[in-house]
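First the structure, in the form of structure tokens, and then the observations on it.
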Amino acid sequence: MLLHDRSTTAGAVLGVVAIVFLVGQQLAVMFGLFTLMSALVDNSGADIWILSQNSNNTSTAGDLPARYVDRLAGLADIEWAQPVIYSGAQLKLPSGRSQSVQIVGTTRPALEGGPWRMAAGSSDVLLEYDGATVDKLDLADLGNPKVGQVVEVNGKRIRIAGYTEGSRAFGPTVVFVNSTKAREITGISADRCTNILVKLKPGVDIRRVRAEIRELLPKASVLTVSELAWNIRVYNFTNTGIGSSFGFSTIIGILVGVVIITLTMYTNVLNRQRDFAVLRALGARRRDVFAIILFQALTIGAIGLLIGFFLLAGFLFGVKGSRLPANLPLWLPPAHALLTFLLCFLGSVLALRRALKIEPASAFR
Amino acid sequence: MDILLESPKSEVQSPMSSIQSQGVPGTPVLRLEGVARDFTDGRVVRRVLKETTLDILPGEMTVLAGPSGSGKTTLLTIMGLVLKPSAGRIIVGGEDVTGFSEDRLASLRRQHYGFVFQQAALIPALDVLDNVLVGTAIQGGRVSARTREKALELLSGLGLKDYLSSRPQQLSTGQQQRAGIARALVSDPILLLCDEPTSALDVESGRIVLDTLKRLSRDPRRGVVLVTHDPRVFPYADRLLKMEDGAIVYDTRSAPTGGN
């Protein structure tokens with residue numbers, strides 16, 4: 001019956017589209033940021049990360065002895081272990097101003113933990129003493145340096161030797177260099193590093209090896225990649241404005257949608273009281289009226305979902321390859337669809353209450 | 001129009017085994033024993049229908065007349081099992097249904113009752129054919145091919161063959177009312193209850209509807225009750241009841257001579 005009222009149906013569908021698109025868009029950007037937050041960890045090629053004692057994420061980590069790498073060499077299940085250096089620095093722009101960057105120093109010759117996707121060429125450019133790579137998407141922030149151009153970071157010269165594509169992280173622009181240059185820039189001595197990356201041999205139980213490393217290095221924090229990635233996301237989500245900002249936007253999106261659905265469904269029942277009364281008189285039980293309202297709500301949900309997902313796909317396509325991170329994990333669309341149907345049901349509760357109160361006798365008044 | 005005179009015969013077996021799925025000639029399809037209805041208006045209890053005993057016989061067109069507020073709609077809704085009486089018993093097809101649950105009464109209405117409402121009361125979202133079938137499908141049941149065929153025959157007999165896919169708002173009020181009659185008949189009811197079916201119709205449309213209802217009432221297995229305050233209806237009545245102040249004050253069956 002609701003579907004007969006095109007304007008009312010359009011209003012309800014609009015509510016669902018608002019939920020699907022606004023919430024979906026917010027979640028896509030949030031998950032995009034999540035991906036970006038732990039990108040360096042997720043793409044490091046390692047299975048286990050070792051951080052300074054009592055650190056549970058890279059933002060709060062200090063430095064640790066590089067000789068720990070030698071101790072790890074005694075463990076049979078480890079394929080390789082490499083020290084890396086993560087540190088903030090200031091890059092001097094051609095304009096004379098400074099730009100905050102994040103230096104990632106990877107150890108030659110393996111360059112583990114280095115850039116994982118190059119725009120062109122190879123990451124081997126980092127084997128050169130002063131070679132550095134920056135991401136194409138960050139070039140504007142860095143004054144559009146050309147390949148071969150020399151720039152200063154913390155007063156030390158590096159040469160832009162290549163561009164990466166999507167090898168970025170959350171926060172300051174990432175500049176990949178080798179660990180020798182990184183130590184020169186950051187002042188971290190040769191016997192220290194900020195993290196050690198550990199790659200296990202295939203088929204090895206990661207939890208068991210993590211426990212062995214914890215026993216071997218009691219003054220370090222030993223985390224699997226998934227643990228560290230989770231910690232980084234939680235830290236950034238709770239210690240920056242991201243959590244409150246995205247949480248608020250998502251809740252507003254949900255509220256707007258639910259209010260629109262509720263009002264339109266309720267108005268429809270008010271306008272169609274006689275029809276419901278006639279149906280009751282003809283033999284509809286309360287459960288049949290319940291089914292009608294629910295069917296209407298779910299139909300509107302399905303239409304809104306299709307339109308909303310179409311718009312969302314357009315949004316994701318539009319921001320692909322841009323600086324705005326957006327990522328929809330595979331489980332999110334079905335979960336989002338379930339949430340939408342649940343909200344449609346909640347939005348129809350008021351209408352249901354009203355419709356179920358309609359007495360069949362009122363068809364005769 | 002032959003379809004309109006077919007004997008009522010329900011396809012669906014009644015859940016109430018003792019209720020006849022067909023009216024039995026000579027025995028009441030509906031009996032009200034001392035039914036009364038009170039309405040509470042704040043703290044004041046008002047009896048809008050005084051104790052009434054009444055038999056509705058098959059093969060008869062019973063017309064219930066009276067001024068507004070006389071209690072005729074209340075009596076009709078009690079007959080229609082959509083309003084519970086405050087006192088008395090309702091017997092349908094020989095079984096006392098007074099204590100039936102709301103759901104059982106709904107099933108009883110769906111299977112054995114036909115309603116013709118004031119201004120047709122068709123569902124605007126459905127086309128004419130679906131409006132006729134809505135009662136049979138309302139409890140989630142599948143509409144059988146035979147029921148669909150019956151609906152098509154009814155609509156054809158009522159001159160609506162060319163309007164099967166039309167929406168109610170595309171029909172004239174007379175056509176809408178005839179579609180409403182088809183809806184009431186599709187389940188072969190033993191009792192057809194009509195609430196002011198001609199009130200919104202012009203003279204000609206009203207005459208067509210009344211002629212149709214009169215033909216339907218000739219079926220010896222079906223009772224027809226028609227509530228009206230329109231005197232044009234009275235000549236069609238086999239039995240005329242007049243109500244005033246919540247009571248039947250005149251009944252042609254008990255009157256010394258029949259008349260209006």
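Note: hydrogens, waters and symmetry copies are ignored here, and every other heavy atom, side chains too, is used. All of these numbers come straight from a predicted model, not from anything done at the bench. Lettering follows sequence order; numbering is per chain, from 1.
- Within the 4.5 angstrom heavy-atom criterion, only backbone atoms of B:L122 (N, CA, C, O) approach chain A.
- If you measure heavy-atom distances from A:R280 to chain B, the contacts under 4.5 Å come from both the backbone and the side chain.
- In this structure, the portion of B:D195 lying under 4.5 Å from any heavy atom of chain A is its side chain and not its backbone.
- Under a 3.5 Å cut-off, the side chain of A:E227 and the backbone N or O of A:T224 do form a donor-acceptor pair.
- With ring centers used as reference points, A:F309 lies 6.0 Å or more from A:F21.
- Of the listed residues B:L76, B:L83, B:V227, B:I138, the one with more heavy-atom pairs under 4.5 angstrom with chain A than any other is B:I138.
- Just one residue in the list A:V17, A:L298, A:L305, A:V23 forms a side chain to side chain contact (heavy atoms under 4.5 Å, CB included) with A:T340, and that residue is A:L305.
- In this structure, A:R323 places its CZ atom where more than 12 heavy-atom neighbours from other residues, nucleotides or ligands lie under 6.0 Å away.
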